[in-house]
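Heads up, the thing below is written out as structure tokens.
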Amino acid sequence: VDFLNVSFKYSKKAKRNAISDVDLHIPSGATVGIIGGTGSGKTTLVNLIPAFYKATSGEVLVGGADVREISLENLREKIAVVPQKAMLFKGTIKENMLWGKPDATEDELRQALHIAVADFVYDLPLGLDTQCGELGAGFSEGQAQRIAIARGLLRPGGIMLLDEPTSSLDKDTEQLLLSRLAEQANNKTVILVTHKEATVQFCTSSIKLGTA
């Protein structure tokens, strides 16, 4: 993933850019933390990668190609996005997981849940057949967050974008999740948005954005 002199403004009338003149190279397979306070542009930055927004100027490249020249279908097949608010749908945990990879094996499901520190699923009376309510109802925010991360790990794309993925986790669970992601994310490029310095200690590198 490369940013070449990228700036972005939400509207022509906006007085300031959300991000300005960003040059950035994220190597394939790296785990990179994007850190900054509220208003620093970190979420805006990662949202340009799957072309949720398009750069006002400059180029965002994925696999060496400008995202504006890749069809949205092909681009988003390469990318798993896990927002801060976990988006689970009504159905079983297994059905939620298979949305990430419909032909996933039981071993792949177990591995993804383990990396995401969501092994608690197997302690539930119905295990993977446990029902989820809309938006993860029936689970704590932290549990829903970890299931969503596991689902993202199953997606075949090589890039994973995590927006504040540990915001609802206690310190020990957060550290375990981040260490497993760094060590076992199957060569995915993991880009992690956070406002906490401690969260990026397991990343191969970090990028700090100033307040816009």
What verdict does the side chain to side chain contact (heavy atoms under 4.5 Å, CB included) test give for Ile159 and Val62, after you've listed the backbone C-alpha separation in whole Å, the side-chain angles of each residue and the deciding distance to 0.1 Å? CA-CA 9 Å; Ile159 300 171; Val62 170; 3.7 Å; yes

CA sep, side-chain torsions, deciding dist, call: Leu98, Leu109, side chain to side chain contact (heavy atoms under 4.5 Å, CB included): CA-CA 8 Å; Leu98 292 178; Leu109 293 172; 4.2 Å; yes

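Ion pairing between Lys208 and Glu197 holds under the 4.0 Å rule for side-chain N and carboxylate O. Salt bridge Asp170/Arg146: absent, no basic N to carboxylate O contact under 4.0 Å. Salt-bridge check for Glu106 with Lys94: passed, with a basic side-chain N closer than 4.0 Å to an acidic carboxylate O. A salt bridge is defined here as a Lys NZ or Arg NE, NH1 or NH2 lying under 4.0 Å from an Asp or Glu carboxylate O, and Glu77 with Arg155 fails to meet this definition.
A side-chain hydrogen bond (donor to acceptor under 3.5 Å, both in side chains) with Glu164 is found for exactly one of His195, Lys196, Gln145, namely His195.
To the nearest 0.5 Å, the span separating CD1 on Ile26 from CD1 on Ile207 amounts to 5.0 Å. Interatomic distance, His25 NE2 to Leu4 CG, rounded to the nearest 0.5 Å: 10.5 Å. In this structure, Leu124 CG and Gln143 CD are separated by 7.5 Å, a value rounded to the nearest 0.5 Å. Rounding to the nearest 0.5 Å places CZ of Phe89 at 8.0 Å from CH2 of Trp99. To the nearest 0.5 Å, atom SG of residue Cys132 and atom CD1 of residue Ile93 are 5.0 Å apart. Annotation: the span from Lys188 atom NZ to Leu153 atom CG amounts to 6.5 Å, rounded to 0.5 Å.
Looking at heavy atoms from C-beta onward, Arg110 lies in side-chain contact with Tyr122 at the 4.5 angstrom threshold. With contacts defined as side-chain heavy-atom distances shorter than 4.5 Å, the pair Met160/Thr189 does not qualify. No side-chain heavy atom of Phe3 sits less than 4.5 Å from a side-chain heavy atom of Asp21. Residues Ile147 and Arg151 fail the side-chain proximity criterion, which asks for heavy atoms closer than 4.5 Å. Side chains of Val190 and Leu162 form a contact here, defined as non-hydrogen atoms less than 4.5 Å apart. Val200 is listed as a side-chain neighbour of Thr194, based on a closest heavy-atom distance under 4.5 Å. Taking the side chain as every heavy atom from C-beta outward, Asp163 and Val46 never approach each other to under 4.5 Å. Looking at heavy atoms from C-beta onward, Leu192 lies out of side-chain contact with Val32 at the 4.5 angstrom threshold.
Tyr53 and Ile70 fall within the same hydrophobic cluster, defined by Ile, Leu, Val, Met, Phe, Trp and Tyr side-chain heavy atoms under 4.5 Å apart, directly or through other members. Both Leu75 and Val6 are members of a single hydrophobic cluster when ILVMFWY side chains are connected at heavy-atom separations under 4.5 Å. Residues Phe8 and Ile79 are members of one and the same hydrophobic cluster, defined by side-chain heavy-atom contacts under 4.5 angstrom among Ile, Leu, Val, Met, Phe, Trp and Tyr. Leu48 and Val22 fall within the same hydrophobic cluster, where Ile, Leu, Val, Met, Phe, Trp and Tyr residues are linked whenever their side-chain heavy atoms come under 4.5 Å apart, directly or through other members. Taking hydrophobic clusters as Ile, Leu, Val, Met, Phe, Trp and Tyr residues chained together by side-chain heavy-atom distances below 4.5 Å, Leu209 shares a cluster with Val1.
Residue Leu72 comes nearest to Pro50 through the heavy atom pair CD2-O, 4.3 Å, listed as atom of the first residue, atom of the second, then distance.
A donor-acceptor contact shorter than 3.5 Å is absent between the side chain of Glu69 and the backbone of Asp66. Panel note: side chain Ser11, backbone Ala14; a donor-acceptor pair is recorded below 3.5 Å. Judged by distance alone, with hydrogens and angles left aside, the side-chain atoms of Ser20 form no donor-acceptor pair with the main-chain N or O of Asn17 at under 3.5 Å. In terms of modelled atom types and a separation under 3.5 Å, the side chain of Thr92 and the main chain of Gln131 share no donor-acceptor contact.
Taking a 6.0 Å sphere around CD of Glu141, one finds it holds 12 or fewer heavy atoms contributed by other residues, nucleotides or ligands.
Listed by chain and residue number, nothing satisfies the salt bridge (charged side-chain N to carboxylate O under 4.0 Å, His left out) test with Glu95 (two or more places apart in sequence, or in another chain).
No side-chain donor from either of Thr44 and Asn47 sits under 3.5 Å from a side-chain acceptor of the other.
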